[in-house]
Amino acid sequence: MSTMRNLLPLITIMFLIAVSTLVIVNSEEQKVRIIFYIDTGLGDRIKISECEVEVLVGENVSCRVPYTSLEYRGNNTRIIFKGWYEDRVFITSNPILNVTAKDSPLIQEYTAMYQVQYLVELDTGYQVIREWRNRGSFIVYDILESWNAGEGVRKIFSKWVGDIQSDQADIYIQTLTKPLKAKAIWKTQYYVKIISDYPLSLESNWFNEEEVITIEPVDPVIYLDGGETKIELQRFVVNYLIEDYKHLEIDEKTIRIVVNSSMVIKAIWKKLHHIVLESDYIKPILFDGWVEEGSRLIFKEMENEVTWKNGTKIIFDRWVGGISISTPIIDIIVEKPLKARATWRVYYLVSVESEAPVKIENVGWVERGSHLIIDANPIEREVDKGVRMFFKEWTGSIVSSNPIIDIRNLDGPIIIKAVWIRKYLVEINAPEASKLERELWITENEGYDIIATKNIELDEFTRLVFDRWIGCSEAIDNLCTINMVKSHLSIRAEYYIEKNIKLLAISLNNKSIEEVEFKLRHEKGDVKQVYSNSQLWMRIGNWKIESAIWRGFDVISTEQLRIDVDSNNIVRIMVRIFEFSFKISDYFGFPVRDAKIIIKTEDGRVMYEGKTDENGLLKNVGPLPPVNLFAYVYYQDYELVREFDLKTSSPLYLTIPLSQTSLQIIILVSLVTGSLLVTAIIKVRKKRREMPIEIPLPPEPTPPVIRVDEYLEEVEIKKAPTVTLDDVIKKLEMSGEKIEDVFGDLAKELKKKKKKSTRGS
């Protein structure tokens, strides 16, 4: 009996371990990695990273080559997709490869193979060959030794330049290992035909390409009529026989030509007469030159009239001398030498400038010697509504305070101006509350300053604010300066309305948030940068909310707001700031008390700390910014991290494996159950020692499958009853069981603890 009592605590402990152990079956299927490569044939393989996957055996995987062909324009090389290979074994020529993951090896590789091609470009002179050839191929091209390039043009093969260095026309390449570009060089000869009525230094012949030939007359000039007539070489005409070249006319007695085409060169000779044209004005000699006999002489470089900046002009009268023509243009057929002179009439400019009308008989261009009278009366006038003026003096070429000027014999230009003194009406448009004058009369060239009141309060929450002056000569802040008035003016003082506003930031839970910094821009350009709960004057109209920053986070929600005259004095702006709740329970559904929750951002910044209550709840966590957040849950030795968002107002349900309450219940139930089983065994053995009886163990409970969902609907969780050791002892005593029979030596310790607790109470 004592042996059984000594074994009883050990059996109890082993039973507790068996009951509290959860059977976890880890079933992990085999996975393999599938990698796809590209082999361009130009170097190492390239991994197709977007196709690399790790899958289960038997799963299907697909990969498409990024391109079926690719041309490297910088080096005339391209690659063409050939097909998919596994260990150099061809699979398919389809750009899309579908494979099934095999059970081995653990890394399975597939390669997209490409064919390298090089561009071959050959310029033979008479043909351009341009084609793509596979690397390593054999190439043969047959090239002509010579060919006729056109009339009077011969081509003879010289050599190859470029990637081919050879003086042989035909091309043989055993193995193509790189792009090929070459050009055939030909020697060219041209036939030059020379035609002239008079002997030249060179005759017709064949010349090499780029050869320079020199041609000149033997007797270039012959003089007649005392040197007033001469015969000379006029020009050379070069006619190229190739259409790509333009014909040339060279006005030189000696020419040097580079032979780059077959051509015909003709020398043109002419007879010239000496022509001289003179003038009394402009310049003494208008024309002095040689004109070919029989040609038409047209001289129209001289205008019918000429005006100078000093107010004088001349009008053409006629030509005298060798010809008599009344027009400045000469149009004749030259048959002999000619000398003629142009004559003119003189006019002076009479210019009278006046803001008010004046009397004058002749104005503008007046012929020399004319008689003029200029009268500025009356000297005082009402010019227009809002404009008054009076005569002061004449200025310019004549200075006089007399309004009448009498000139008997005009002998020079007259440019004068009547000076008038004016006064102008200035009309001021402004709100009545500004108390500005409506009309001002200002003397010409006199300055005047007008000051507008900046702020005009209409009531406690509304005021007029000065904006700007319109129509002023200068406007600095609320000061309008009028300078050099030249006309009837209308100026306007513009005001706008402001409201005294208290600006509040409201979270999505309809709570006022402090420390939110707003940047607001009015539709007229005004910018304000204020914090929430600020009292400020705001201009009516549309305000754009450019930013809303709270503790370094962008919480902007509404893009704009509008302030009207009748707007409320408190303006609320919704910002993206939230509050949230958490509920934590264990796998058995019991709430977890005193679980510590820390809310952090991605960069580790702590936004909130708290502990759950007796119902496992942590309410009104916030305020929180609209970013990815992480909930760190700490309970005893257990730690849980969960990323969450703020798309729902429901609490976030989190589950930990085992709470303190569940642990106490498991221990007590295990103790009671184990003790009852041991007692039953002892009683049975007392009654039937002759026959051992096998006591069946209760089946192990299947571990409950708990589904954790970030967006579970909020449900009420009942609090589990608390069971103490005293409750178990009391239950055993009421059933008639002896504590010593159930707990053995452990009963003595329990009684001692009970007595101590009784004395303490």
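Please read all numbers here as calculations on a predicted model, not as lab measurements.
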Item to check | From CA spacing to verdict: ring-ring contact (aromatic ring centres under 6.0 Å, His included), Phe316, Trp344 | outcome: CA-CA 5 Å; Phe316 179 79; Trp344 307 82; 5.5 Å; yes
For the pair [X] (side chain) and [Y] (backbone), establish whether a donor and an acceptor sit closer than 3.5 Å, ignoring hydrogens and angles.
{"X": "Ser397", "Y": "Ile415", "answer": "yes"}
{"X": "Trp543", "Y": "Gln560", "answer": "no"}
{"X": "Asn615", "Y": "Leu617", "answer": "no"}
{"X": "Ser473", "Y": "Asn483", "answer": "yes"}
{"X": "Asp564", "Y": "Ser567", "answer": "no"}
{"X": "Thr558", "Y": "Ile573", "answer": "no"}
{"X": "Arg388", "Y": "Asp384", "answer": "no"}
{"X": "Arg408", "Y": "Ser370", "answer": "no"}
{"X": "Asp554", "Y": "Ile556", "answer": "yes"}
{"X": "His522", "Y": "Lys528", "answer": "no"}

Item to check | Intermediate values then yes/no, side-chain hydrogen bond (donor to acceptor under 3.5 Å, both in side chains), Thr453 and Lys435 | outcome: CA-CA 9 Å; Thr453 304; Lys435 298 181 180 179; over 6 Å; no
Next on the checklist: Quick one, Phe580 with Phe578, criterion ring-ring contact (aromatic ring centres under 6.0 Å, His included). Give me CA distance, side-chain angles, the key distance, then yes/no.
Outcome noted: CA-CA 7 Å; Phe580 208 64; Phe578 309 82; 8.9 Å; no
Student check: side-chain heavy atoms of [X] and [Y] closer than 4.5 Å:
{"X": "Ile513", "Y": "Ile506", "result": "no"}
{"X": "Val527", "Y": "Leu520", "result": "no"}
{"X": "Glu249", "Y": "Arg235", "result": "yes"}
{"X": "Ile501", "Y": "Ile570", "result": "no"}
{"X": "Leu618", "Y": "Asp613", "result": "no"}
{"X": "Ile491", "Y": "Val426", "result": "yes"}
{"X": "Ile482", "Y": "Ile450", "result": "yes"}
{"X": "Leu425", "Y": "Ile442", "result": "no"}

Can a donor-acceptor pair be found between the side chains of [X] and [Y] at a distance below 3.5 Å?
{"X": "Glu602", "Y": "Asn628", "answer": "yes"}
{"X": "His371", "Y": "Asp406", "answer": "yes"}
{"X": "Ser400", "Y": "Asn402", "answer": "no"}
{"X": "Ser354", "Y": "Trp420", "answer": "yes"}
{"X": "Ser401", "Y": "Trp394", "answer": "no"}

Item to check | Steps toward side-chain hydrogen bond (donor to acceptor under 3.5 Å, both in side chains) verdict (Thr343, Asp280) | outcome: CA-CA 6 Å; Thr343 59; Asp280 293 338; 5.7 Å; no
Counting only heavy atoms not in [X], do more than 12 fall under 6.0 Å of its [atom1]?
{"X": "Arg438", "atom1": "CZ", "value": "yes"}
{"X": "Ile451", "atom1": "CD1", "value": "no"}
{"X": "Ile476", "atom1": "CD1", "value": "no"}
{"X": "Glu559", "atom1": "CD", "value": "no"}
{"X": "Asn377", "atom1": "CG", "value": "yes"}
{"X": "Glu432", "atom1": "CD", "value": "no"}
{"X": "Glu514", "atom1": "CD", "value": "no"}
{"X": "Lys359", "atom1": "NZ", "value": "no"}

Next on the checklist: side chain to side chain contact (heavy atoms under 4.5 Å, CB included), that's the test. Do Val350 and Trp365 meet it? Break it down for me.
Outcome noted: CA-CA 6 Å; Val350 176; Trp365 292 103; over 6 Å; no
With rounding to the nearest 0.5 angstrom, report the [atom1] to [atom2] distance, [X] to [Y].
{"X": "Leu277", "Y": "Asp288", "atom1": "CG", "atom2": "CG", "value": "9.0 Å"}
{"X": "Leu410", "Y": "Tyr347", "atom1": "CG", "atom2": "OH", "value": "12.0 Å"}
{"X": "Thr601", "Y": "Leu629", "atom1": "OG1", "atom2": "CG", "value": "7.5 Å"}

Next on the checklist: Under 4.0 Å between a side-chain nitrogen and a carboxylate oxygen: does that hold for Glu523 and Lys544?
Outcome noted: no
Next on the checklist: Between the side chains of Arg521 and Asp526, is the shortest nitrogen-to-carboxylate-oxygen separation below 4.0 Å, so that they form an ion pair?
Outcome noted: no
If a pair satisfies salt bridge (charged side-chain N to carboxylate O under 4.0 Å, His left out) and one of its residues is in [range], list it, with sequence neighbours excluded.
{"range": "residues 459-478", "result": "Lys454-Asp477, Arg463-Glu498, Asp467-Arg539, Arg468-Glu494"}
{"range": "residues 305-327", "result": "Glu305-Lys313"}
{"range": "residues 361-375", "result": "Arg345-Glu367"}
{"range": "residues 417-431", "result": "Glu355-Arg422"}

Checklist entry - Does the ring of Tyr632 carry Lys600 above it, NZ/CZ under 6.0 angstrom from centre and within 45° of its axis? => result yes
Checklist entry - Is the NZ or CZ atom of Arg576 positioned over Trp550's six-membered ring, under 6.0 angstrom from the centre and within 45° of the axis? => result no
Checklist outcome for this item: Which of Glu292, Glu228, Glu293 passes side chain to side chain donor-acceptor pair (under 3.5 Å) with His273? Answer is Glu293
Next on the checklist: Under the criterion side chain to side chain contact (heavy atoms under 4.5 Å, CB included), I'd like the reasoning laid out for Ile598 against Val633: C-alpha separation, chi angles, the key distance, then a yes or no.
Outcome noted: CA-CA 7 Å; Ile598 302 177; Val633 181; over 6 Å; no
Checklist entry - Taking only residues two or more places apart in sequence or in another chain, which ones pass side chain to side chain contact (heavy atoms under 4.5 Å, CB included) with Tyr531? => result Glu517, Ser534
Checklist outcome for this item: The salt bridge (Lys or Arg N to Asp or Glu O under 4.0 Å) partners of Lys511 (sequence neighbours excluded) come to Glu579
Item to check | Step-by-step side chain to side chain contact (heavy atoms under 4.5 Å, CB included) determination, Leu464 to Tyr496 | outcome: CA-CA 6 Å; Leu464 290 176; Tyr496 58 86; over 6 Å; no
